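Structure record follows, encoded as structure tokens.
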Amino acid sequence: MSGAGPEAAAVQVLTRAVQLDNEKKFAEALACYEQGIRLLLQAAKEVQDDSKRTHFRKKTEEYLSRAEAMKEAADKQRTIGRNHKQIQIDAGAIGYSYEAIFGPLIDKTLSCVVVEDAYIRSTHQIYNFLQFCELLVHKAECLKSITLQTTRDPADHKTQHSRLEEIRQSLWKHNITLTVEYSDTIHDREIRFDSGWIIKIGRGLDYFKKAEGRFSLGWSDYHFRQCHQTTIDIFHQQSVK
């Protein structure tokens, strides 16, 4: 970058930051964003054109927001670590809602989610999936797509498809695309975030017991639902395709 002005240098560094951001290399991206922002601020001081100064200020705000997202993601990686984390849930335990399990893994870097679960077909299983989607919409502000890979309900595929289609249409109103892929051979139960997190749950999303009643705690707030015994494994990798 020798001999280049701050504007040209900023473009070069920020281009690299965006590339690292897309590759989910959060710590490296953060360093480049911070350097690029400093160069943008310097360029804004030196430029005489007011419109260009305003443009630099606007771009600085945009990159500051993205840098903050990178810092949050990098901090989470350091806190949780890249090693295998296992959660053992005992039969009858409460406090293991989707918010509790998935919430700490959701941030502004999450844009695509893949749910691989063979049993999203009965009424309560589809409600579970809906609850999970609601959490994603609420917390993942940059979410663009959800892919569900599941099996067809041999007893009533028409109703299964209709209910999932209703969820798809509802998500579309939030600018999120739901793609449902049916397979007769799927067995794994795994959820993948393109921010790098992989969550394996022995029972998939269906690890809650039935609520005691429609007017009992746990009917709508899964924090109060008793759980079946299951194991949750959480991993991280640089990129999940």
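As the structure is a prediction and not an experimental result, all values here were calculated from the model.
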Evaluation steps, side-chain contact (heavy atoms from CB on, under 4.5 Å), between Q229 and I89:
CA-CA 5 Å; Q229 182 177 359; I89 301 179; over 6 Å; no

Can you check side chain to side chain donor-acceptor pair (under 3.5 Å) on R163 and T123, steps first, answer last?
CA-CA 9 Å; R163 290 168 174 172; T123 300; 2.8 Å; yes

Evaluate L171 against I146 for side-chain contact (heavy atoms from CB on, under 4.5 Å), listing each step before the verdict.
CA-CA 9 Å; L171 286 168; I146 301 171; 4.1 Å; yes

Set out, in order, the CA-CA distance, both residues' side-chain angles and the distance that settles side-chain contact (heavy atoms from CB on, under 4.5 Å) for T15 and V18, then state yes or no.
CA-CA 5 Å; T15 298; V18 172; 6.0 Å; no

Can you check side-chain contact (heavy atoms from CB on, under 4.5 Å) on F129 and L164, steps first, answer last?
CA-CA 9 Å; F129 179 66; L164 291 173; 4.1 Å; yes

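In terms of hydrophobic clustering, with Ile, Leu, Val, Met, Phe, Trp and Tyr side chains grouped at heavy-atom distances under 4.5 Å, Y127 and I191 are assigned to a common cluster. A single hydrophobic cluster is not seen to contain both I186 and L148; linkage of ILVMFWY side chains at heavy-atom distances under 4.5 Å, directly or through other members, places them apart. By the rule that hydrophobic residues join a cluster once side-chain heavy atoms approach within less than 4.5 Å of another member, V11 and I37 end up as members of separate clusters. Both Y222 and I87 sit in one connected hydrophobic cluster of ILVMFWY residues. Membership requires side-chain heavy atoms under 4.5 Å apart, directly or through other members. Note on V137: it clusters hydrophobically with I120, by side-chain heavy-atom contacts below 4.5 Å among ILVMFWY residues.
Judged purely by distance below 3.5 Å, without hydrogens or angles, the side chains of Q125 and S122 pair a donor atom with an acceptor atom. For the residue pair D206 / H228, no side-chain donor-acceptor distance below 3.5 Å is found, with atom types taken as modelled. Inspection of the N128 and Y207 side chains reveals no N or O donor paired with an N or O acceptor under 3.5 Å. With no hydrogens or angles considered, no side-chain donor-acceptor pair links S183 and R152 at under 3.5 Å. Side-chain contact annotation: Q19 with R16, donor-acceptor N/O pair under 3.5 Å present.
Residues passing the side chain to side chain contact (heavy atoms under 4.5 Å, CB included) test with F224, sequence neighbours excluded: L217, D221.
The heavy-atom pair separating L105 from S195 by the smallest distance is O-OG, 4.3 Å. Heavy atoms only, all atoms of each residue included: S65 and K108 are closest at OG-NZ, 4.3 Å. Taking all atoms of both residues into account, the shortest heavy-atom contact from A67 to L30 is O-CD1, 3.3 Å. Taking both residues in full, the closest heavy atoms of C32 and A17 are given as CB-CB, 3.5 Å, listed atom of the first, atom of the second, then distance. Contact between S220 and Q131 at its shortest, heavy atoms only, is O-NE2, 3.2 Å. Minimum heavy-atom separation, T230 to G202: OG1-N, 3.6 Å.
Each of T150, D153, T151 was checked for a side-chain hydrogen bond (donor to acceptor under 3.5 Å, both in side chains) with R121, and the lone residue meeting it is T151. Each of K200, K85, Q86 was compared with D233 under the side-chain hydrogen bond (donor to acceptor under 3.5 Å, both in side chains) criterion, and only Q86 meets it.
Residue-environment remark: NZ (K209) exceeds the threshold of 12 foreign heavy atoms within 6.0 Å. Within a 6.0 Å sphere centred on NE2 of H138, other residues, nucleotides and ligands contribute 12 heavy atoms or fewer.
Within the model, atoms CD of Q12 and CD of Q35 stand 9.0 Å from one another, a figure rounded to the nearest 0.5 Å. Note: L14 CG to D21 CG = 11.0 Å, rounded to the nearest 0.5 Å. Here the straight-line distance linking atom OG1 of T147 with atom CG of L178 works out to 7.5 Å at 0.5 Å rounding. S111 contributes atom OG, which lies 8.5 Å from atom CG of N22 (distance to the nearest 0.5 angstrom). A distance of 10.5 Å separates NZ of K158 from NE2 of H161, quoted to the nearest 0.5 Å. Once rounded to the nearest 0.5 Å, the distance linking OG1 of T177 with CG of L143 reads 9.5 Å.
With a 4.5 Å cut-off on side-chain heavy atoms, F208 and Q226 do not count as touching. L40 is listed as a side-chain neighbour of K59, based on a closest heavy-atom distance under 4.5 Å. Side-chain contact between H124 and K210 is absent, with no heavy atoms from C-beta onward closer than 4.5 Å. Considering only heavy atoms from C-beta on, L136 comes within 4.5 Å of I106 through its side chain. Between L39 and L41 there is no side-chain heavy-atom pair separated by less than 4.5 Å. In this structure, the side chains of I232 and I199 come closer than 4.5 Å at one or more pairs of heavy atoms. Taking 4.5 Å as the limit, every side-chain heavy atom of E212 sits out of range of all side-chain heavy atoms of W219. Looking at R168 and V180, their side chains never come closer than 4.5 Å, going by heavy atoms from C-beta outward.
Note: F102 and F132 have perpendicular aromatic rings, judged against thresholds of 30 and 60 degrees for the angle between ring planes. Using cut-offs of 30° and 60° for the angle between ring planes, the H236 and W197 rings count as perpendicular.
Ion pairing of E190 with R192 is present here, as a side-chain N (NZ or NE/NH1/NH2) and a carboxylate O approach within less than 4.0 Å. Using a 4.0 Å cut-off between a side-chain N of Lys or Arg and a carboxylate O of Asp or Glu, E68 and K71 do not qualify as a salt bridge.
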For residues 90-99, run the donor-acceptor check on the side chains, cut-off 3.5 Å, and write out each pair with its distance to 0.1 Å, sequence neighbours left out.
residue, atom, partner, partner atom, Å
S97, OG, E99, N, 3.4
S97, OG, A100, N, 3.2
Y98, OH, L205, O, 2.6

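Judged by a 6.0 Å distance limit and a 45° cone about the ring axis, R53 is not positioned over the six-membered ring of F56.
Between the side chain of S170 and the backbone N or O of E166, no donor-acceptor pair lies under 3.5 Å.
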